Number of protein chains: 2
Amino acid sequence: MPQRSDRPAESQDLRKAGLKVTHPRMRILDLLGTTEKKHLTAEEVYRELLDQGDDIALATVYRVLNQFESAGIVCRHHFEGGQSVYELAQEGHHDHMVCMETGKVIEFESPEIEQLQEQIAAEHGYEIADHSLVLYVRPLKR
Amino acid sequence: MPQRSDRPAESQDLRKAGLKVTHPRMRILDLLGTTEKKHLTAEEVYRELLDQGDDIALATVYRVLNQFESAGIVCRHHFEGGQSVYELAQEGHHDHMVCMETGKVIEFESPEIEQLQEQIAAEHGYEIADHSLVLYVRPLKR
DNA sequence: TTGGGTGCAAATTGTTTGCAATTGT
DNA sequence: ACAATTGCAAACAATTTGCACCCAA
């Protein structure tokens with residue numbers, strides 16, 4: 001049973017971001033910190049909350065996720081397929097690999113790639129503000 | 001005046017893809033091969049055509065771009081900001097850098113990064129089907 | 001108490017689709 | 001001639017927003 005972070009979701013996390021501690025926000029923060037699937041769409045968050053008995057509007061889910069993103073509490077990704085997916089922000093940056101057969105999302109870090117990126121940007125007279133790297137993969141047949 | 005490719009857009013390109021040579025298709029193919037801006041949204045293609053005096057429906061632009069993508073004639077990218085952008089397909093794969101101040105799109109290739117990607121995927125038991133790398137950058141101040 | 005937060009429904013935005021008319025081949 | 005293609009408007013999907021009510025501080 002994976003646990004997202006070392007410490008559970010705290011109301012502190014919200015206060016620190018200047019957000020009132022409300023039921024919807026706590027439930028969403030909590031959900032993101034404890035689900036099996038770490039990467040969820042707004043729709044999925046909404047459904048999950050319904051299943052848990054909470055009655056939170058989809059619009060609120062979107063609003064809260066946006067606020068969380070601005071506050072740096074969650075990261076939003078645009079994988080192929082229309083919907084954005086959200087995940088709890090982690091320590092260091094990491095990239096993603098999405099299995100095209102199962103939809104599974106695998107995280108990975110590659111300092112080497114990050115460094116090459118910096119270097120390439122610099123060669124063009126730029127510095128990196130943000131970046132997005134997604135590998136769409138298939139299981140190796142054997 | 002940059003020219004996209006060595007040879008101009010040909011009706012052959014369409015026939016080869018099993019597509020009838022129609023006016024809308026030729027105009028769009030032509031446009032993509034000659035605009036200053038190589039990366040355009042469907043909207044931009046539409047407006048550009050209007051400015052050129054052509055009267056082609058937006059729906060047709062979308063349909064044609066989709067067909068071109070399936071045919072491998074264009075590549076579609078999902079940069080930040082909702083709309084998809086399309087560009088004429090090139091020889092080898094390349095990645096993009098988007099300037100957050102000007103919106104300018106710069107292409108680059110990095111065999112080193114590609115290789116690292118392959119390696120990382122393999123380490124996880126996968127092979128890469130496709131990938132997307134976008135650097136969101138800012139001009140270096142000096 | 002009171003300004004931020006929420007639910008609901010309506011509005012937006014980007015893109016796709018049904019269908020009748022039109023056009024390549 | 002006939003199937004493929006287009007234009008138009010309506011349909012869609014994801015996300016945002018206006019507003020009256022509600023609640024955390």
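Throughout, a chain's letter reflects where its sequence line sits, starting with A, and its residues are numbered from 1. Because the structure is a prediction, the values reported are computed rather than measured.
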Report task. Have a look at A/Lys38 and tell me which of A/Glu107, A/Glu44, A/Glu87 forms a salt bridge (charged side-chain N to carboxylate O under 4.0 Å, His left out) with it. Result -> A/Glu107
Query raised in the report: When you measure from the side chain of A/Val21, which nucleotide among C/dG7, D/dC8, D/dA25 comes out closest?
Result: D/dA25
**Report entry** End-to-end axis angle, where each axis spans five pairs of the helix from C/dT12-D/dA14 to C/dT25-D/dA1, to 10°
**Finding:** 30°
Query raised in the report: Taking a hydrophobic cluster as the set of Ile, Leu, Val, Met, Phe, Trp and Tyr residues connected by side-chain heavy atoms closer than 4.5 Å, whether directly or through intermediates, do B/Val98 and B/Leu135 fall within one such cluster?
Result: no
Query raised in the report: Between A/Thr34 and A/Asp30, is there a donor-acceptor pair closer than 3.5 Å when you use the side chain of the first and the backbone of the second?
Result: yes
Query raised in the report: Is the phosphate of C/dG5, meaning OP1 or OP2, less than 4.0 Å from a side-chain N or O of A/Thr60?
Result: no
Requested in this report: Return no unless some side-chain N or O of A/Thr22 is found under 4.0 Å from OP1 or OP2 of D/dC23.
Outcome: no
Return a table of donor-acceptor pairs under 3.5 angstrom between the side chains of residues 118-125 of chain A and protein atoms on other chains or two or more places apart.
none

Query raised in the report: Within the structure shown, what part of the strands sits under 4.0 Å from B/Arg63 by heavy-atom distance: base, sugar-phosphate, or nothing?
Result: base
Requested in this report: To the nearest Å, give me how far apart NE2 (A/His78) and P (D/dA14) are.
Outcome: 15 Å
Query raised in the report: Whole Å only: how far is the CG atom of B/Asp54 from the C1' atom of D/dT6?
Result: 14 Å
Requested in this report: Looking at every strand, decide which applies to B/Thr41 at a 4.0 Å heavy-atom threshold: base, sugar-phosphate, or nothing.
Outcome: nothing
Report summary line: Rounded to whole Å, CG of B/Leu40 lies from P of C/dT15 at a distance of 13 Å
Query - Interatomic distance, A/Lys20 NZ vs D/dA24 C1' [rounded to whole Å] - result: 5 Å
Query raised in the report: Is A/Arg25 reaching over with its side chain to a backbone N or O of A/Lys20, donor-acceptor style, under 3.5 angstrom?
Result: yes
Query raised in the report: Can you list the steps and then say if B/Arg76 with B/Glu69 is a salt bridge (Lys or Arg N to Asp or Glu O under 4.0 Å)?
Result: CA-CA 7 Å; B/Arg76 177 188 203 159; B/Glu69 191 195 7; 3.7 Å; yes
**Report entry** Whole-Å distance separating the CG atom of B/Leu65 from the P atom of C/dT15
**Finding:** 10 Å
Query raised in the report: Under 4.5 Å between side-chain heavy atoms, hopping through other hydrophobics if needed: is there a path connecting A/Phe108 to A/Val134?
Result: no
Requested in this report: Quickly work out the A/Leu14 CG to D/dA24 C1' distance and round it to whole Å.
Outcome: 12 Å
Query - Distance, rounded to the nearest Å, where A/Ile28 contributes CD1 and C/dG5 contributes P - result: 13 Å
**Report entry** side chain to side chain contact (heavy atoms under 4.5 Å, CB included) partner of A/Ser11, the single match among A/Thr22, A/Leu19, A/Leu29, A/Val21
**Finding:** A/Val21
Query raised in the report: Separation of A/Leu19 atom CG from C/dT6 atom P, in whole Å?
Result: 9 Å
Which protein N or O atoms sit under 3.5 Å from an N or O of nucleotides 11-13 of chain C?
none

**Report entry** Heavy-atom donor-acceptor pair, B/Tyr136 side chain to B/Glu80 backbone, under 3.5 Å
**Finding:** yes
Query raised in the report: Want to settle it: does B/Gly82 or A/Ala57 sit nearer the 5' end of DNA chain C, counting the closest nucleotide to each?
Result: A/Ala57
Query raised in the report: Is a side-chain N or O of B/Glu114 found less than 3.5 angstrom from the main chain of B/Pro111, in a donor-acceptor match?
Result: no
Report task. Check whether any side-chain N or O of A/Asn66 sits under 4.0 Å from OP1 or OP2 of D/dT16, and answer yes or no. Result -> yes
Query raised in the report: D/dT15 phosphate, OP1 or OP2: any side-chain N/O from A/Tyr62 under 4.0 angstrom?
Result: yes
Report summary line: Against the side chain of A/Arg76, the closest entry in C/dT15, D/dT16, D/dT5 is D/dT16
